[in-house]
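Report on the following structure.
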Amino acid sequence: MNYELEPEAIYLQELAVEKQNAGIRRDFTQIGNTIAFELKRNFKKFIAMLIVYFAMFLLLMLIVVLIEMLTDTFFNDSLGYVQQLFSAQYGILGLLTIISASIFGGSIISEDFSTQTGNLIFPKISKTRLLIGRIISRFSYIALCTGFLYTLMIIVTFIRFGDVPITILLSLLWALYYAFAVFCFVTLMSSLMKNTSMSIIFSILIFLMIFNMISGIFMFSRFTDEFELPMFFLLSYYETIISASLNMPVTRYGPVLGTGAMLGGDPLNAWTTPLPLSAGYGLLIYISILLSIAYIRYVTRQSKGE
Amino acid sequence: MKMIAYLLKPNEGEILIRGNGELLKLSSHNKDYLLNNIGFLIENPFFYGNVTPRLILSYFAKLKGYPSKKVGERIEEVIEMFGMSDWIDKKIKTFSKGMRQKIGIASAIIHDPDIIVLDEPSTGLDPGARRDVRDFILKLKKIGKTIFLSSHLLYEISEVADRVAIINHGKLIAFDTLDNLESKAKKSIINFELLKQPNKNINEILNHIKEIVTPLTGVPYETNWIDYNEDNGVFQIFFDGHPENQRLILKTLLQHDYKVIEFSVPKAGLLENLFIEMTTPDATSQFNNKLIQKNFNLENMEV
C-alpha cells in the first residue's frame, strides 16, 4: 500500500534525532537519569529532614547540658563528650535514622502500585534499574542528613575542646552502614505494604516497638543472661556499634541499666554491642536478605486492577 | 494493553512484535528493545504530584534514549503541540484530570516514537477534555504516527480511527475499516431532517415514507423500520448501508416533495450498533457469530 505522509510529517521526519539504542550503556544512563530525577523530586523532603536533624541536635545538646548541670559532672575530654552525644541510651541517632529512612524509603516501591504511577514508568525503564537509581539517590539524602548531624557534633566538640577524636569518622561509617540497613528494611516494608503511609507507620512501629519488645522478652526471660545470647537477629541491636566504635574495645557484655531495680535483685546481663567484624557481617546478611526479598516482591508485584 | 506494555504477564498466549524485520516474542529480555519505539498511555495516568510536567517529560525522554542536549527543544515542541505552555512549570498535584491526561499523552510521545498505544484515553474526562484528547490524536495521526487506541467510547473511536477491531470476551471478532465494516454488516441508519418539523399526522407521514423507501433500503421487508424523534426532529431510516441505496432514498424523498435540509449516515451510531449486534448472542440476529465468521475472515489477518 502506498501511504502518503502529510507535509508536516515529512518535516518532522527530517528533524528526527539519533536516539540512544537499548543496551548496557543506556541501562547505566537510565540509572543516572533516575538518580537525577529522584534527587530533584525529594529535595524538599531533604530540606525538611535537615531541619528535623538540626532540631533534634539542639534537643540533644540541651539534654547533655542539663545532665552536666544536674549531676555536676563536666566532660573534660572530647572522646567522652562525643560518646555521650552518640550514646544509644538517648536513642537520638537511631530515631533519626529510622525517621529519615522511612521518609525517603516509605514510597520507594509501594507508591508505583498504590497511585498507579507504575503504569507510566514501568514501560520506560525496568524495575531493577528503577530500584537501583532510587536506592542510590534516596540513600544519598539519608547519608547527607547523617553527615550533617556528625558535622554539627564535630563543630560543637571542636569549639568546646579544641580537638575532635578521629574515631568519630569510624563512627560515621558505621552510622552510614547501619542507616543503609535500616533503609533496606523500610524498602522491604514498602514492597509489602499497600501504600506509602502504611510503609512508614509499620516501619517505625516495628523498629521502635516490636524490636524493643522482642529484646525485652529475651532479656527478662533470662535468655541473654543465662545463655549469653547476643541479639544479632534484631536490626536495632547493631545501632550500638555506632557509639561503641568511638572507643573500641569496650566492655561488650555486662549488666543492663535499671533491670536490677525492676526485678528487685541483681541486674540482668546482656551483650551491649557486637564486635566490629560481627556487626559488619551481620549488617551485610541483613541487607542482602532485606534487599533480595524486596526486589523479588517488587518484580513480581503487579498493579492493582490486574 | 497492559500486557503489550509488559505491565502484566499473560496467563496464556504470547505477544509478537516486529523488531528489525522479524516477529519476536515479547519477553523480559527483549522488552527494552522491542518497546523502544512505542509510546504508552495506560488508562488515566497518575503522576508524582510534587513535580512539574517539564521535569517528568524530561525524565521520560531521557529514559527512552532521547539525547540530553535536545530534550529541552523536544519538550518545547510538545508543549507547543499540546498547548501546555501556561502550566508546564506548575506542580502536577494541582492539575485537573484533563490536564493530567494531556501530560499523559505528551509523555507517551515525548521520545518521538513511531507507534503510540493509548488505552482508554478519554475515560473519566469531561466533554471539553475529551474533545482535546480527540484533537491530539488527530494531530498525531496527521504527523504520521501509528496510533493503537482502545476505548469503550465508540463515538470517540469512530471519530479518529481508520481501522477498527472489535474484541469480545478476549476474542477478536471483527477488524476492518469503518466503511468495510458497514458494508459487510449490511446495516446502517440514515438520519434526516425536514425544513419544517411535522407537528401533526406524524404516523401518516411515517407510513408514507416507509411505503416509498422500503423497496430501496436493501434489507428484508420485515426488518425495515423508520422512526421519528420529536425532541430533535430527526427521522431515521434503517437500510443496508449501500451508498447507491442511500442516494436513491434521498432522491425519492426529494421527488415526493419532502424538503430535506439534513441527510447523513452517522458513523458513531453505526459502530455502536455493530458492536452490540456482534457481541450479543442473539439467534434471530443476522449478525450472529456464524455470519461474522463468514463475513470477516479473521484468519491470516495481520494487525
Side-chain angles (χ1 to χ4, degrees), chain A residues 3-13 15-27 29-45 107 111-130 133 299-303 305-306, chain B residues 1-9 28 30-52 55-56 58-71 73-74 77 103-104 107-108 110-114 117 119 139-145:
Chain A
Y3 290 107
E4 281 191 19
L5 290 174
E6 296 274 339
E8 204 173 341
I10 295 165
Y11 168 71
L12 283 170
Q13 278 201 338
L15 285 178
V17 293
E18 188 88 4
K19 285 181 264 181
Q20 192 180 24
N21 291 326
I24 293 173
R25 205 172 153 195
R26 195 165 95 185
D27 293 352
T29 313
Q30 283 188 332
I31 292 172
N33 292 329
T34 304
I35 293 170
F37 176 71
E38 289 288 321
L39 286 175
K40 282 179 195 163
R41 187 155 88 88
N42 290 295
F43 186 71
K44 278 192 177 171
K45 274 186 200 170
S107 62
E111 90 178 319
D112 283 334
F113 299 96
S114 64
T115 62
Q116 293 189 46
T117 45
N119 284 352
L120 271 178
I121 192 94
F122 295 152
K124 296 173 178 68
I125 179 172
S126 76
K127 288 177 181 173
T128 312
R129 275 169 256 144
L130 188 64
V299 292
T300 52
R301 193 168 167 178
Q302 299 194 334
S303 54
E306 65 255 45
Chain B
M1 289 294 195
K2 283 185 176 175
M3 287 177 199
I4 298 174
Y6 212 71
L7 290 171
L8 296 178
K9 286 175 188 168
S28 59
N30 61 13
K31 83 174 180 81
D32 284 352
Y33 165 67
L34 288 179
L35 303 183
N36 198 28
N37 204 20
I38 307 177
F40 290 97
L41 173 69
I42 305 293
E43 292 172 353
N44 291 127
F46 290 89
F47 293 93
Y48 309 108
N50 57 344
V51 294
T52 63
L55 186 62
I56 282 272
S58 165
Y59 176 47
F60 286 174
K62 286 174 189 168
L63 284 183
K64 279 291 194 176
Y66 207 87
S68 296
K69 286 179 186 169
K70 295 195 174 176
V71 165
E73 206 179 304
R74 174 67 184 160
E77 255 177 48
I103 309 167
S107 71
I110 190 68
H111 61 291
D112 199 17
D114 290 332
V117 176
D119 182 15
K139 263 184 196 172
L140 295 173
K141 182 178 164 184
K142 200 178 169 190
I143 59 173
K145 304 289 181 193

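Quick caveat, the model's predicted, so the values are computed rather than measured. In what follows, every chain begins at residue 1, and chains take the letters A, B, ... in the order their sequences are listed.
Atom CG in Leu7(B) sits 11.5 Å away from atom CD1 in Ile121(A) (nearest 0.5 Å). Note: Leu63(B) CG to Thr29(A) OG1 = 10.0 Å, rounded to the nearest 0.5 Å. Between Thr300(A) atom OG1 and Lys9(B) atom NZ the span is 8.0 Å, to the nearest 0.5 Å.
Between Asn50(B) and Lys44(A), the closest side-chain pair of non-hydrogen atoms is not below 4.5 Å.
With a threshold of 4.5 angstrom between heavy atoms, Tyr59(B) approaches chain A through side-chain atoms but not through N, CA, C or O. In this structure, chain B has heavy atoms under 4.5 Å from both the backbone and the side chain of Thr34(A). Residue Asn30(B) does not touch chain A at all, counting heavy-atom pairs closer than 4.5 Å. For Thr117(A), the parts lying near chain B are the backbone and the side chain together; criterion is any non-hydrogen pair under 4.5 Å. If you measure heavy-atom distances from Lys31(B) to chain A, the contacts under 4.5 Å come from the side chain alone. For Arg41(A), the parts lying near chain B are the backbone and the side chain together; criterion is any non-hydrogen pair under 4.5 Å. With a threshold of 4.5 angstrom between heavy atoms, Ile31(A) does not approach chain B through any atom at all.
Listed by chain and number, the residues in a salt bridge (Lys or Arg N to Asp or Glu O under 4.0 Å) with Arg129(A) are Asp27(A), Asp32(B) (sequence neighbours excluded). Taking the side-chain contact (heavy atoms from CB on, under 4.5 Å) definition, one finds that Lys127(A) meets it with Phe113(A), Phe122(A), Tyr298(A), Val299(A), sequence neighbours left out.
Lys64(B) and Arg26(A) make their closest contact through O-NH1, 3.3 Å (heavy atoms, listed as atom of the first residue, atom of the second, distance). Taking all atoms of both residues into account, the shortest heavy-atom contact from Lys124(A) to Phe40(B) is NZ-O, 4.2 Å.
Judged by distance alone, with hydrogens and angles left aside, the side-chain atoms of Asn119(A) form no donor-acceptor pair with the main-chain N or O of Phe46(B) at under 3.5 Å.
Ring orientation note: the planes of Tyr48(B) and Phe37(A) are tilted relative to one another, at an angle of 30° to 60°.
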